[in-house]
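First up is the structure itself, then whatever we jot down about it.
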Amino acid sequence: MNAIARELHIARISFARQPEIRTQSLILRPVTAADVEAIALGLNDHQVAKMLPPVPQPYYREDAEEWLGRWQTGEAEGWCFAITRDGGALLGVISIERRNGEWHLGYWLARPHWGQGLMSEAASAVSERFFGAMLAETLHSGAVADNAASLAIQEKIGFAVTGCRQVWCASRSETVTVITTELTFGSYMPL
C-alpha cells in the first residue's frame, strides 16, 4: 500500500468522525466535555488507577480536561468512546489510539460496574468495528500482570500474549510488569 493510500486508510479512524456503536446492552458514544466529571471521579479511584500505569493519583478534573483536549485537538489519533448503558452517564472509557505507528486498545471501567461483562461486550464491539475499517491492521493491547480480569477480557476475544515489559506506574509509584497482547482480524473472536 503506498503512503497516500495508507493515510486515507488510517483516516477512517478519527475522533472527529468516530461512530456510535450499539450493542445488546451498551451505547458506545464519543466522549464529550460533559463526561469530564465522571472521568475524574472514575480515575480518582486507586483500585482503577493502579491498573492504568500513566494515570496519576489523585486524579483531578483538570487531568480529565487535559486528557480530553488531546482527543479534541487531534493530538491523540483514533477513537475514544464513553461506555454507557443508554447514551447518557459514562461508566468508563474504551479507546483505540495510534501510538508509535501501531493501533492500541485501552480501556477502564468505574469500579461499581466491574464484574458485569460490560467491558467484554464493549471490547468485542469496538474491535469488530475497528477490523471493519482496518482489516489488515493489528490491534495491540496489554494489561498490568496482576489485572487478571483485563487479561481474561482480551483472551476471550482472541488477543494473544506477545511478551511483557516493565513500565512505571504513576499511581503505585513503582515499576510494574505489563503483559503485552495483540489481535488480528484472523484471531478476533466476536462475543
Side-chain angles (χ1 to χ4, degrees), residues 1-32 35 39 51-55 67-85 87 90-109 117-144 147 149-165 167 178-191:
M1 179 180 298
N2 69 34
I4 293 172
R6 182 159 180 76
E7 288 305 312
L8 289 172
H9 191 63
I10 290 170
R12 292 189 205 175
I13 307 290
S14 81
F15 183 71
R17 293 183 303 277
Q18 76 181 55
E20 180 176 275
I21 300 173
R22 293 176 179 263
T23 69
Q24 183 175 348
S25 57
L26 299 173
I27 297 175
L28 308 175
R29 59 162 176 75
V31 175
T32 68
D35 297 316
I39 292 168
M51 300 302 180
L52 305 167
V55 175
W67 172 82
L68 180 57
R70 288 184 56 248
W71 287 97
Q72 292 172 328
T73 63
E75 182 182 336
E77 179 184 357
W79 288 335
C80 185
F81 296 97
I83 300 168
T84 74
R85 289 193 189 273
L90 178 141
L91 311 176
V93 171
I94 186 165
S95 65
I96 293 181
E97 182 178 2
R98 190 164 177 81
R99 293 184 305 223
N100 302 318
E102 298 178 334
W103 293 103
H104 292 265
L105 176 72
Y107 48 83
W108 65 269
L109 199 59
L118 301 177
M119 191 54 75
S120 294
E121 188 174 334
S124 179
V126 169
S127 297
E128 180 176 1
R129 184 61 68 98
F130 173 79
F131 286 121
M134 309 292 277
L135 184 63
E137 294 288 338
T138 298
L139 189 54
H140 300 269
S141 195
V144 174
N147 190 348
S150 187
L151 291 166
I153 289 166
Q154 292 174 35
E155 181 181 11
K156 196 182 306 184
I157 62 174
F159 276 87
V161 172
T162 58
C164 63
R165 59 191 169 93
V167 176
V178 171
I179 308 297
T180 58
T181 62
E182 70 179 26
L183 180 68
T184 63
F185 175 73
S187 61
Y188 169 62
M189 297 183 292
L191 299 181

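As a basis for the values below, the full set of heavy atoms in this structure was taken, side chains included, without hydrogen atoms, waters or symmetry mates.
Atom OG of Ser150 sits about 9.0 Å away from atom CE of Met51, to the nearest 0.5 Å. For the atom pair Phe130 CZ and Thr138 OG1, the distance stands at 8.0 Å (nearest 0.5 Å). Interatomic distance, Thr184 OG1 to Leu139 CG, rounded to the nearest 0.5 Å: 10.0 Å. In this structure, CD in Glu137 is found 6.0 Å from CZ in Arg98, a value given to the nearest 0.5 Å. Here Ile96 contributes atom CD1 and Trp103 contributes atom CH2; the two are 8.0 Å apart, rounded to the nearest 0.5 Å. Interatomic distance, Leu28 CG to Glu20 CD, rounded to the nearest 0.5 Å: 8.5 Å.
Judged by distance alone, the side chain of Gln18 and the main-chain N or O of Cys80 form a donor-acceptor pair under 3.5 Å.
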Validation: residues 119-127 side-chain donor-acceptor distances under 3.5 Å, sequence neighbours left out:
from	atom 1	to	atom 2	distance (Å)
Ser120	OG	Lys156	NZ	3.1
Glu121	OE1	Ser25	OG	2.7
Glu121	OE2	Thr23	OG1	2.4
Glu121	OE2	Gln24	N	3.3
Glu121	OE2	Ser25	N	2.8
Glu121	OE2	Ser25	OG	3.0
Ser124	OG	Tyr188	OH	3.0
Ser124	OG	Leu191	N	3.2
Ser127	OG	Ala123	O	2.8

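Around atom CZ of Phe185, no more than 12 heavy atoms belonging to other residues, nucleotides or ligands sit under 6.0 Å away. Summarising the local packing, CD of Glu155 is surrounded by 12 or fewer heavy atoms from other residues, nucleotides or ligands at distances under 6.0 Å. Atom CZ of Arg22 has 12 or fewer heavy atoms from other residues, nucleotides or ligands within 6.0 Å.
For the pair Ile21 and Phe81, the minimum side-chain heavy-atom distance is below 4.5 Å. A heavy-atom distance below 4.5 Å is not found between the side chains of Ile83 and Val93. In this structure the side chain of Val144 reaches within 4.5 angstrom of the side chain of Pro53, judged on heavy atoms. Leu26 has its side chain out of reach of Thr84: every pair of non-hydrogen atoms, C-beta onward, lies at least 4.5 Å apart. Under the 4.5 Å side-chain criterion, counting only non-hydrogen atoms from C-beta, Glu182 is not in contact with Val161. The shortest distance between side-chain heavy atoms of Val167 and Arg165 falls below 4.5 Å. Contact annotation: the side chain of Ile179 never approaches that of Phe159 to less than 4.5 Å [non-hydrogen atoms, C-beta and beyond]. Residues Trp71 and Ser95 are in side-chain contact: their nearest non-hydrogen atoms beyond the backbone lie under 4.5 Å apart.
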Step-by-step side chain to side chain contact (heavy atoms under 4.5 Å, CB included) determination, Leu90 to Ile39
CA-CA 8 Å; Leu90 178 141; Ile39 292 168; 3.9 Å; yes
Full working for side chain to side chain contact (heavy atoms under 4.5 Å, CB included) between Leu68 and Gln72:
CA-CA 6 Å; Leu68 180 57; Gln72 292 172 328; 3.7 Å; yes
Run the side chain to side chain contact (heavy atoms under 4.5 Å, CB included) check on Leu91 and Arg85 step by step: do they pass?
CA-CA 8 Å; Leu91 311 176; Arg85 289 193 189 273; 3.7 Å; yes
Given the rule in the side chain to side chain contact (heavy atoms under 4.5 Å, CB included) test, do Phe15 and Thr73 qualify, once you have shown the distances and angles that lead to the verdict?
CA-CA 9 Å; Phe15 183 71; Thr73 63; over 6 Å; no
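Under 3.5 Å, the side chains of Thr162 and Thr180 contain a donor-acceptor pair of N or O atoms. Side-chain contact check for Ser141 and Tyr107: no donor-acceptor pair (N or O, by modelled atom type) lies under 3.5 Å.
Shown here for Arg29 and Gly87, the closest heavy-atom pair between the two residues is NE-O, 2.8 Å.
Contacts of Thr181 classified as side chain to side chain donor-acceptor pair (under 3.5 Å), with partners at least two apart in sequence or in another chain: Gln154.
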